[in-house]
Amino acid sequence: MSSLQAIRDALEQSPDNVSLLLLYGHACLEKLRLLDARESFERVLELDPTHTDAQLGVAKVLLLLGETSGAAVRAERVIQVNPNDAQAHLLLCRVLLVEQDRLRAREHFERAAQIDSTLSDPLLERELGLTARDARRTSPAPAPEQVPQDTFEEGEIPQEFAEDPLDDPPYDWRPETFYAPGDPARPAVSFADVGGMDELKEEIRLKIIYPLQFPDLYKAYGKRTGGGILIYGPPGCGKTLMLRAVAGEVPCNYLSVGLHEIFDPYFGSTERNLHQIFETARANAPCVLILDDLDSLAQDRRQVRESQLRNLVNQFLHEMDGMRGENQRVLVMGATNQPWALDPAFRRPGRFDQAIFIPPPDEPTRAQIIALLAKDKPISNLDTAALVQATPGFSGADLKFVFDRAAEMTLSAAIHSGQPVPISMETLLAVARAHTPSTHTWFEGAREHAHHAAPDTYAHEIRKSLSLGAPTPPQQREP
Ligand code: ATP
């Protein structure tokens, strides 16, 4: 959210900046804000009608909206101008798959793979029953008009299509960030790197760490392992950091999934990807499954117009359903800045039945974060208490900004003087006093939502968080 806002702010300053418009379009596309994405790409096309990236951007939006013929026209337009545009061929392949034209989809995939020797798209490859490497090995594809439409006898099913590999998905499939215990690539962050959040740390221990340490005890008390924990709160207060720290703390498999591993324009594939991710977690239990950006996956269905997105939410609810008992020993952790935008059905028992608010750090927590940020930095006479007093309402990210900015200023002074100088308390305090904490905007939004929220939503949590965590309004700060 914050990056979208930053691009929007920049666009206000230069509304016709093509690079910014493209950046915004792609960021919106990733967040599935399809109309905003389309508007941004169309604006680029008004400024430069031959812009390939913008044309393909619109095509992707249309495909997600189910307007396959519009998407095909856009992709074909790009191919007409540049027959060697691999991305356009790939997109056309997806459109043709939606339209059930597997043969032509395959041809465009082969062409894309031959043009781009680095191309790899495991999901599409599985869908087509063809790896990019094999596609490259086949002879160069003939020009589209010479491609025979159907080279098989009527009724004959080509061998590679006889069994759809997706009918029986390989459950040992690993998303990009699957880490077994002891995997050297596993994030080396642990609870010790996260200031505060004691309630959450204990909840994670109770749900997954203690059950692994004391299985008999848990069995004796009939306590189940795993479940769902939702963490929410203002940006920059350490939700992502905490989710990464779980990797360093839990003695079991850890699977963290990015939206790019789930979303796929091909109709039905997004739900299938989500299913495979849950299957992977279940097949590798005990496992923690991390879904950092819940906003796009778990939207309130009443606010969603596209049927594809509603299907995704339904699938997600189905996967979360503890009633089937298959999620035993899987802990699903999700994070959001906007709990009010989530579908209330996620709060039913067995799904995200635990919602934990991550407030802006209080004074003791700020002291802990300051100690973590000051570690290994040359600071003269660090006065933690003074810095804590100067930073009410600051998020962890705001505190990090203070240290980063003070380091930059000191570095610049050191370069000019040619002498190494430590960061002074005066510089830290000056930066802190000039900085407005970023959490206030979130609380304003939360207040607004709490006011209008229906009782079946997260209103209770939001009201509770307002009473717990709202910092006092910012004081007049020195420039
Ligand atoms: P967003 O919702 O915008 O993604 P977030 O709540 O996930 O924000 P993080 O990205 O985890 O916030 O925090 C940004 C940075 O701020 C962290 O990488 C870390 O350097 C610092 N930080 C935030 N909270 C803490 C904390 N409790 N302890 C230590 N560092 C923190």
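Every number for a ligand or one of its atoms is a count from 1 in the order of the listing.
- Atom numbering of ligand 1 starts at 1 in the shown order; those under 4.0 Å from a heavy atom of Met197 are 27 (N).
- Polar contact check, Gly238 against ligand 1: a nitrogen or oxygen pair lies under 3.5 Å apart.
- Between the CD atom of Gln315 and the CG atom of Asn273 there is a distance of 10.0 Å, given to the nearest 0.5 Å.
- By the 6.0 Å contact criterion, CD on Glu39 is open, its count of non-hydrogen atoms from other residues, nucleotides or ligands being 12 or less.
- Near Val194, meaning under 4.0 Å from one of its heavy atoms, ligand 1 places the atoms 27 (N), 28 (N).
- Heavy-atom distances between Gly236 and ligand 1 reach below 4.0 Å in at least one pair.
- Short contacts between ligand 1 and Lys400, defined as distances under 4.0 Å to a heavy atom of the residue, involve ligand atoms 20 (O).
- Separating the CG atom in Leu200 from the CD1 atom in Ile356 is a distance of 4.5 Å, to the nearest 0.5 Å.
- Here Thr240 has heavy atoms under 4.0 Å from ligand 1 in both its backbone and its side chain.
- Contact between Cys237 and ligand 1 is present, with at least one heavy atom of the residue lying under 4.0 Å from the ligand.
- The aromatic rings of Phe357 and Phe443 sit perpendicular, their planes meeting at an angle over 60°, well past the 30° parallel limit.
- For Gln368, no heavy-atom contact with ligand 1 is shorter than 4.0 Å.
- At a heavy-atom cutoff of 4.0 Å, ligand 1 is contacted by no atom of Leu373, backbone or side chain.
- In terms of polar-atom proximity, defined here as any N/O pair under 3.5 Å, Ile369 makes no such contact with ligand 1.
- For Lys201, the NZ atom counts as densely surrounded, since its 6.0 Å shell holds more than 12 non-hydrogen atoms of other residues, nucleotides or ligands.
- For the atom pair CG of Asp295 and CG of Leu297, the computed distance is 9.0 Å after rounding to the nearest 0.5 Å.
- With a heavy-atom cut-off of 4.0 Å, Asn337 touches ligand 1 through its side chain alone.
- Classification of the His26-Phe41 ring pair by plane angle, with boundaries at 30° and 60°, yields perpendicular.
- Taking the charged nitrogens against the carboxylate oxygens, Arg405 and Glu408 do have a contact shorter than 4.0 Å, which makes a salt bridge.
- Judged by the shortest distance from any of its heavy atoms, Asp193 lies inside the 4.0 Å radius around the atoms of ligand 1.
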